[in-house]
Amino acid sequence: MQKPKLIVDGKRLDGRGFEELRPIKIEAGVLKRADGSCYLEMGKNKIIAAVYGPREVHPRHLQDPSKAVIRYRYNMAPFSVEERKKPGPDRRSVEISKVSREALEPVIMKELFPRSGIDVFVEVLQADAGTRTACLNAASVALIDAGVAMRGMVTSVAVAKVEGNIVLDPMKEEDNYGEADVPIAFLIRNDRIESIALLQMDGRLTLEEMKKAMELAKKGAMQIYRLQREAIMKKYMKEETEEPEEENEQ
Amino acid sequence: MRKIVMPGDLIAKNPRAAGYGTYVEKGKVYAKFLGLLDKTDTSVRVIPLKGRYIPSSGDVVIGIVREVTANGWIVDIYSPYQAFLPVLEYPENAMRNKKVNEVLDIGDAIIGKVLSIDPKMKVTLTMKDKVCKPVRVGRIVAINPARVPRVIGKKGSMIKMLKSELGIQIVVGQNGLIWINGDRRKVSIAEEAIYIIEEEAHTEGLTDRITEFIKKKKGELENAET
């Protein structure tokens with residue numbers, strides 16, 4: 001297939017500017033049986049995350065007597081992409097699970113729950129580039145919703161190089177035909193970016209480009225961070241405003 | 001209304017004020033988990049909105065026996081950690097000449113007390129306390145353990161009200177299990193009331209609203225009888 005023109009008149013294929021995110025929708029607490037959960041849409045990505053725990057670890061030999069073990073499972077539904085994805089873990093999803101887990105591990109206060117385990121499950125229902133970043137955002141909201149003790153919030157966003165331009169939050173075409181894709185996750189505490197929790201790169205960037213990418217990612221992450229907070233706030237605010245109605249029913 | 005805080009929110013600059021649900025880094029106090037901020041001049045703490053029960057010694061808990069061993073029982077206390085109740089911590093007079101599984105068997109519920117927790121989070125229970133007993137009658141209701149303080153109320157006001165209004169027995173386990181015993185219909189009212197408390201835990205004037213609710217339900221009950 002011939003490579004399509006990705007940038008026309010300084011605008012991207014979906015009409016976004018270079019520094020613009022795709023529309024994001026986050027909802028916390030969507031699953032009743034999970035301790036914490038989150039549904040997230042980031043452009044055409046649709047992600048659902050569930051958190052269980054701290055709970056007992058099975059099999060037993062995985063237990064750590066000094067801290068909690070964290071298990072992160074990234075999985076793509078067979079129908080999440082155009083061509084059916086063979087179900088089950090593969091090289092890619094195992095790797096994404098590992099790096100995402102390592103991004104969350106320093107943020108969660110594992111030492112408070114020795115011998116226990118915290119399970120994070122994220123399912124990609126529909127994929128459109130940047131699923132690992134969307135999954136991390138969803139997982140982070142689900143963890144907070146579960147009441148897990150953490151140092152702050154993990155917020156993640158990807159940056160790409162497309163036809164020589166550094167763009168924020170690439171979509172599928174830009175990811176497929178672009179020159180570089182850089183997913184980044186930050187630890188954000190108290191409205192401030194404290195540290196980088198994850199950084200991967202597919203393709204090449206010059207130092208200058210990397211600096212610019214980082215600036216863009218920081219800006220994008222702050223926007224997502226606010227939406228993540230809002231989603232959690234909304235859940236608990238909703239509980240309060242619903243009450244008068246409930247009383248009328250009785 | 002109290003402010004909702006999220007992990008990592010800066011809530012105080014005085015590390016000496018740091019209380020439950022907070023952590024200190026570089027002399028600043030941050031929230032540790034999602035909760036309601038309770039801040040006074042001398043202290044700051046976060047009241048959790050959600051989360052599992054983490055045992056601490058002296059807590060009264062309700063548990064279910066999952067396993068019987070030669071020297072005690074393994075009890076599920078609905079926390080990340082299972083608890084162990086040694087035979088020696090069961091009142092002797094009830095034990096005499098009985099086998100371990102004749103006293104308590106798998107599936108039996110107990111009201112116990114957390115005796116100790118070691119650094120590896122091995123929880124030991126005791127039954128040698130006057131509130132402790134095996135549960136053979138009544139009903140057990142499970143709620144979010146973070147809401148337990150509201151079911152008890154300020155200095156036990158809520159629980160006292162429930163007991164006196166309905167004339168039933170209630171024991172609240174810190175792990176979110178609540179044992180209710182008494183007249184079946186009244187137990188049902190109490191169960192409903194507890195679910196409302198759980199649902200509306202972070203609102204003002206809850207005790208008054210629950211009192212009203214119970215009076216209404218009691219009225220309905222009496223009307224149905226006549």
Side-chain angles (χ1 to χ4, degrees), chain A residues 28-29 35-36 51-57 63-68 107-109 111-118 140-141 143-155 187-192 194 225 228-237 239-244 246-247 250, chain B residues 1-11 20-23 25-26 28-36 46-54 66 76 78-82 117-123 144-146 192 195-196 198-206 209 212-213 216-217 220:
Chain A
D35 292 313
V51 170
Y52 290 85
R55 65 179 178 183
E56 254 183 291
V57 191
Q63 283 184 358
D64 186 326
S66 63
K67 59 184 184 291
V107 184
I108 298 169
M109 295 180 168
E111 58 293 345
L112 294 176
F113 312 106
R115 286 204 305 125
S116 71
I118 298 169
S140 180
V141 172
L143 276 166
I144 292 175
D145 181 43
V148 174
M150 296 200 286
R151 273 170 258 272
M153 172 121 65
V154 173
T155 304
L187 163 59
I188 304 186
R189 185 166 69 180
N190 199 41
D191 284 328
R192 256 194 63 212
E194 293 274 328
Y225 171 71
Q228 285 176 304
R229 288 188 66 102
E230 223 172 77
I232 296 162
M233 284 292 181
K234 215 165 108 196
K235 188 195 161 191
Y236 288 94
M237 294 299 183
E239 275 181 21
E240 270 159 61
T241 48
E242 264 175 12
E243 276 148 29
E246 270 174 41
E247 271 176 348
Q250 281 155 8
Chain B
M1 204 199 88
R2 289 194 175 111
K3 201 179 144 210
I4 297 173
V5 289
M6 267 172 243
D9 287 1
L10 181 69
I11 47 177
Y20 183 74
T22 65
Y23 71 97
E25 212 176 285
K26 287 180 192 149
K28 283 177 179 165
V29 185
Y30 299 94
K32 201 150 76 178
F33 41 64
L34 176 70
L36 298 171
V46 178
I47 306 160
L49 280 168
K50 248 179 151 182
R52 292 279 168 114
Y53 168 66
I54 302 296
R66 293 284 182 226
D76 184 0
Y78 290 81
S79 103
Y81 310 104
Q82 286 200 325
I117 302 156
D118 78 351
K120 279 184 180 165
M121 297 302 275
K122 275 207 163 56
V123 183
N144 177 347
E192 245 182 279
Y195 286 138
I196 295 175
E198 185 193 15
E199 202 61 37
E200 304 180 11
H202 48 290
T203 53
E204 313 269 316
L206 192 59
R209 282 216 308 282
E212 225 168 273
F213 168 80
K216 205 172 118 194
K217 281 280 173 185
E220 279 170 24

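Numbered from 1 within each chain, the chains take letters A, B, ... in sequence-line order. Hydrogens, waters and symmetry mates are skipped; everything else that's a heavy atom, side chains included, is used.
When all heavy atoms are compared, the tightest approach of B/Leu34 to B/Pro7 is N-CD, 3.7 Å. Heavy atoms only, all atoms of each residue included: A/Asp35 and B/Lys50 are closest at O-NZ, 2.9 Å. Shortest non-hydrogen contact noted between B/Pro48 and B/Phe33 is CB-CE1, 3.6 Å.
When B/Asn144, B/Ile54, B/Leu10 are compared by the number of non-hydrogen pairs under 4.5 Å with chain A, B/Leu10 comes out ahead. Between chain B and the residues A/Gly147, A/Pro54, A/Ser116, the most heavy-atom pairs under 4.5 angstrom are made by A/Pro54. Between chain B and the options A/Arg55, A/Met153, A/Arg151, heavy-atom pairs under 4.5 Å are most frequent for A/Arg151.
With a 4.5 Å cut-off on non-hydrogen atoms, A/Asp191 does not touch chain B at all. For chain B, the nearby part of A/Ala146 is the backbone; its heavy atoms alone come within less than 4.5 Å. Using a 4.5 Å cut-off between heavy atoms, B/Ala146 does not touch chain A at all. Of the two parts of A/Arg192, neither the backbone nor the side chain holds a non-hydrogen atom closer than 4.5 Å to a non-hydrogen atom of chain B. For a residue to count as touching a neighbouring chain, one of its non-hydrogen atoms must lie under 4.5 Å from one of that chain's; by this rule A/Met150 touches chain B with backbone and side chain alike.
Partners of B/Asp76 by salt bridge (charged side-chain N to carboxylate O under 4.0 Å, His left out), not counting sequence neighbours, listed by chain and number: B/Arg66.
Checked for salt-bridge contact, B/Glu200 and B/Arg209 meet the test: a charged N lies under 4.0 Å from a carboxylate O.
The shortest side-chain heavy-atom distance between B/Ile4 and B/Leu36 falls under the 4.5 Å cut-off.
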